[in-house]
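In what follows, a single structure is set out as structure tokens and then discussed.
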Amino acid sequence: MANPRRGSEELQGKMLLKIIQSGHPVLRRTARALAPKDIRSPAIQDLIEHMRETLRDAPGVGLAAPQIGQSLQLAVIEDRAEYHKTATEAELKERQRVPVDFHVLINPQIESLSPPQVSFFEGCLSLPGFMAEVPRSRSVRVTCLDHHGKPRVIEAEGWYARILQHEIDHLNGRLYIDRMQSQTFSTLENYQRHWKNQPSAR
Ligand code: ZN
């Protein structure tokens with residue numbers, strides 16, 4: 001998932017992966033599950049590290065393997081405190097947005113703990129320059145494996161729950177445009193100009 005705040009970061013020594021753009025069929029496939037022994041392989045450990053670097057460079061708060069052309073049930077998430085500096089306290093509070101440490105989701109299963117009725121604008125690194133309001137569940141439970149292949153249960157709410165829903169959608173071939181309130185679809189520029197400070201259209 002995109003972070004609307006663009007920043008610049010030192011690029012030296014990083015392995016940046018090309019982010020696949022909407023329209024490519026890999027974004028519409030159901031990704032393949034990973035076996036625990038594959039998770040610990042150098043190939044997957046390197047992929048995770050390269051996805052982390054690519055996510056930070058973008059910058060974004062989530063990146064799913066299909067977005068870098070790998071049809072695997074793997075996504076990385078990180079919502080850094082520095083991304084919140086340009087948001088107001090009210091925006092952060094309304095979105096229930098708090099920092100989330102870097103972590104990996106593998107073979108995730110998601111369960112909504114509330115109906116999909118919280119609407120906020122979100123964007124996607126595979127559809128740069130656009131945003132739309134997407135109704136999502138306020139809270140979710142995710143069962144997955146971590147980067148060592150160890151089982152993990154995550155209960156999340158607010159913005160973190162939104163990021164989880166967005167990234168796990170990618171692993172099932174879905175994009176936010178499939179769930180958006182289509183009349184709110186907006187360029188980033190028009191979002192900043194007309195919508196950013198408006199109460200939600202919900
Ligand atoms: Zn996305």
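Hydrogens, waters and symmetry mates play no part in the numbers below; they use all other heavy atoms, side chains included. All figures in this text were calculated on a predicted structure; none of them were measured in a lab.
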For a quick test of reading the model, state the closest non-hydrogen atom pair linking [X] to [Y] and the distance between them.
X: Ser119; Y: Gln181; answer: OG-OE1, 3.3 Å
X: Cys124; Y: His170; answer: SG-NE2, 3.4 Å
X: Leu16; Y: Glu53; answer: CD2-O, 3.6 Å
X: Val26; Y: Pro66; answer: CG1-O, 3.4 Å
X: Glu94; Y: Phe120; answer: O-CZ, 3.4 Å

Subject >> Lys/Arg cation over aromatic Phe102: Arg52, 6.0 Å, 45° cone >> reply: yes
Ion pair present between [X] and [Y], side-chain N to carboxylate O less than 4.0 angstrom?
X: Asp169; Y: Arg179; value: yes
X: Lys14; Y: Asp57; value: no
X: Glu91; Y: Arg95; value: no

Using modelled atom types only, decide if a donor and an acceptor are shared between the side chain of [X] and the backbone of [Y] within a distance under 3.5 Å.
X: Gln21; Y: Ile19; answer: yes
X: Thr187; Y: Asn190; answer: yes
X: Ser186; Y: Met131; answer: no
X: Ser126; Y: Ile20; answer: yes
X: Glu133; Y: Phe121; answer: no
X: Gln117; Y: Arg136; answer: no
X: Glu167; Y: Leu164; answer: no
X: Gln165; Y: Ser137; answer: yes
X: Gln45; Y: His147; answer: yes

Original post:
Given the rule in the side chain to side chain donor-acceptor pair (under 3.5 Å) test, do His148 and Arg40 qualify, once you have shown the distances and angles that lead to the verdict?
Top reply: CA-CA 6 Å; His148 295 306; Arg40 293 185 292 269; over 6 Å; no
Subject >> Joint hydrophobic cluster, Tyr176 plus Leu63, side-chain heavy atoms closer than 4.5 Å >> reply: no
**OP:** Might you work through the side chain to side chain donor-acceptor pair (under 3.5 Å) test for Glu78 and His103, ending with a clear yes or no?
**Re:** CA-CA 7 Å; Glu78 182 181 45; His103 66 96; over 6 Å; no
Only distances under 3.5 Å count here; give the side-chain donor-acceptor pairs of residues 104-111 to other protein atoms, sequence neighbours excluded, each with its distance to 0.1 Å.
unit_1, atom_1, unit_2, atom_2, d
Asn107, OD1, Leu34, N, 2.9
Asn107, ND2, Leu34, O, 2.8
Glu111, OE1, Arg141, NH1, 3.0
Glu111, OE2, Arg141, NH1, 3.3

**OP:** State, with a plain yes or no, whether a side-chain heavy atom of Tyr160 is found less than 4.5 Å away from one of Glu155.
**Re:** no
**OP:** Applying side chain to side chain contact (heavy atoms under 4.5 Å, CB included) between Arg162 and each of Val140, Val118, Val61, report the one that passes.
**Re:** Val118
Subject >> Arg174 atom CZ, over 12 foreign heavy atoms within 6.0 Å >> reply: yes
Original post:
Taking everything shown except Asp178 itself, do over 12 heavy atoms lie less than 6.0 Å from its CG?
Top reply: yes
